[in-house]
Number of protein chains: 2
Amino acid sequence: MSRPSSSELRRAILDEARRVLVENGYMGLSMRPIAREVGCTATSIYLYFESKDALIHALIDEGMERLQEQFQTAVDGVDEPRRRLARLARAYLDFGLENPEYYEIMFMLHPQLMERYPPDRYRRARRNLEMFHDEMVAALGPAGWDGRDPKTESTLVWTSLHGTVSLLIAHRVDVSIDREALIERAVRQALRSLDDPDNAAIEPPQSDAARN
Amino acid sequence: MSRPSSSELRRAILDEARRVLVENGYMGLSMRPIAREVGCTATSIYLYFESKDALIHALIDEGMERLQEQFQTAVDGVDEPRRRLARLARAYLDFGLENPEYYEIMFMLHPQLMERYPPDRYRRARRNLEMFHDEMVAALGPAGWDGRDPKTESTLVWTSLHGTVSLLIAHRVDVSIDREALIERAVRQALRSLDDPDNAAIEPPQSDAARN
DNA sequence: TTCGACTACTTTACAGTGTTAACTTTACGC
DNA sequence: GCGTAAAGTTAACACTGTAAAGTAGTCGAA
């Protein structure tokens with residue numbers, strides 16, 4: 001709508017929203033206080049963002065760009081494919097733990113909000129995560145995939161890292177556990193699919209959890 | 001507070017709240033509609049739950065109990081330690097995917113809410129997850145832990161599973177990925193720490209993400 | 001039988017939310 | 001100086017969680 005209008009106010013709103021997000025989390029993000037701080041009325045925000053959702057979506061976009069940058073600098077100058085992948089994994093964890101507020105809206109927020117996130121934009125944003133895919137393919141070479149789907153495998157790396165980040169952020173992990181040790185183990189575990197000999201006797205499904 | 005009072009109304013409120021939660025998710029959970037459906041006023045709810053948080057906490061307790069039951073039936077009659085662990089993992093995934101609304105409030109909700117969850121009750125609830133710990137210790141025996149902390153390792157199993165469940169629930173996983181294949185791989189990956197020879201050259205930390 | 005007291009519940013009200021529609025101010029080209 | 005369009009405001013709506021005060025019903029003792 002007001003794409004190229006790019007007033008200063010728009011930026012100020014976005015900055016303040018991010019600040020509030022950092023300080024109070026998603027739940028503490030309210031239009032009127034943002035407006036007050038920025039020096040306008042709440043309804044003025046609607047000149048630049050068509051809803052609160054849209055405002056948050058803009059912040060998600062910001063977060064995705066930052067992650068992308070951290071990914072880039074993480075692998076910059078590193079050649080060996082396995083090391084590149086390891087650094088990506090580490091960068092992902094670091095990003096989440098250092099920017100919990102961004103991480104929360106990017107990957108942890110309730111499904112409803114995400115369903116309202118324009119699908120094409122999310123697809124573009126998720127480009128980030130395809131770096132895992134590309135680097136894995138590079139690390140394994142064309143030979144390594146006996147029957148396994150690269151997309152599934154790279155998604156698995158992601159979900160594994162996400163589990164650790166999100167539970168740490170949400171303070172669900174027992175405080176008696178050494179944080180740094182867990183993180184290091186998480187990276188190791190995420191990357192171990194590279195060496196997977198696909199052994200181990202695993203159970204068949206116990207119920208029908210594959211719908212939806 | 002009103003622990004033994006156990007009016008029928010309390011149960012009705014809880015039932016309706018759960019129904020709404022299933023249907024509309026956490027965000028759609030509002031006091032007045034619950035009251036209307038149950039046949040009382042919104043403020044009456046406060047006779048049985050001291051806040052909306054407390055109401056949700058009660059639902060979390062319910063969910064934890066259900067998970068506990070599913071865990072029990074999953075390992076019931078299974079003796080071989082590795083198989084027991086595998087079934088636990090599978091049960092966890094199934095629970096999350098079949099009860100996304102419970103899973104959301106139990107493990108995905110924003111940190112603020114969890115911080116208000118009475119710590120002792122959460123500790124008790126998390127007893128569930130200690131089953132991972134116990135079964136892992138049983139599966140590996142006293143010999144297997146060369147330098148590794150069992151608590152960290154079992155937490156790692158949990159975070160790994162959680163990553164998969166939560167991203168699937170939140171519809172963040174690319175739809176082109178075979179859901180069941182991902183799930184199966186997730187179980188496998190989670191349990192692989194049992195066989196870990198602790199190899200692989202891993203990067204040192206890139207930044208200070210171990211605070212908090 | 002009447003007087004408390006207690007329980008269960010309601011009414012009213014407050015301060016807050018996101019959002020819409022209508023109104024006003026400001027700036028700019030002719 | 002006038003018309004127009006953009007930028008921002010005011011007022012309002014329907015909603016939220018929740019606190020305080022008030023009310024109806026029940027039960028036990030005098």
Any idea which of dG17(D), dG8(D), dT19(C) is nearest the K52(B) side chain? dG17(D)
Separation between CE of M108(B) and OG of S166(A), rounded to the nearest 0.5 Å: 8.0 Å
When you measure from the side chain of Y46(A), which nucleotide among dG8(D), dG18(C), dC9(C) comes out closest? dG18(C)
Please determine whether a side-chain nitrogen of the Lys or Arg among R90(A) and E180(A) lies less than 4.0 Å from a carboxylate oxygen of the Asp or Glu. yes
dG8(D), OP1 or OP2 - any side-chain N/O from Y48(A) closer than 4.0 Å? yes
Looking at R11(B) and D15(B), is there a salt bridge between them, counting it only when a charged N and a carboxylate O are closer than 4.0 Å? yes
Can you check the E8(A) CD to dA7(D) P distance for me, whole Å? 12 Å
Could you check how far CD1 of I13(B) sits from C1' of dA8(C), rounded to whole Å? 12 Å
Could you check how far CG of L9(A) sits from P of dA27(C), rounded to whole Å? 15 Å
To the nearest angstrom, how far is L47(A) atom CG from dC23(C) atom C1'? 14 Å
Protein-nucleotide distance (M31(B), atom CE; dA14(D), atom P), rounded to Å: 23 Å
M27(B) CE to dG18(C) P, in whole Å, measures 11 Å
Heavy-atom donor-acceptor pair, R32(A) side-chain to dG16(C) base, under 3.5 Å: no
Contact under 4.0 Å: T41(B) side-chain N or O vs dC9(C) OP1/OP2: no
Any base atoms under 4.0 Å from L29(B), or only sugar-phosphate, or nothing? Heavy atoms, all strands. sugar-phosphate
Between Y103(B) and Y92(B), ring centroids under 6.0 Å: yes
Under 4.0 Å: is that the gap between some side-chain N or O of T43(B) and OP1 or OP2 of dT18(D)? no
May I ask you to verify if any side-chain N or O of S30(B) is less than 4.0 angstrom from the OP1 or OP2 atom of dG17(D)? yes
Any donor-acceptor N/O pair, N99(A) side chain to E101(A) backbone, under 3.5 Å: no
Expressed as a whole number of angstroms, how long is the span from I45(A):CD1 to dA7(D):C1'? 14 Å
Whole-Å distance between dT19(C) P and D53(A) CG? 7 Å
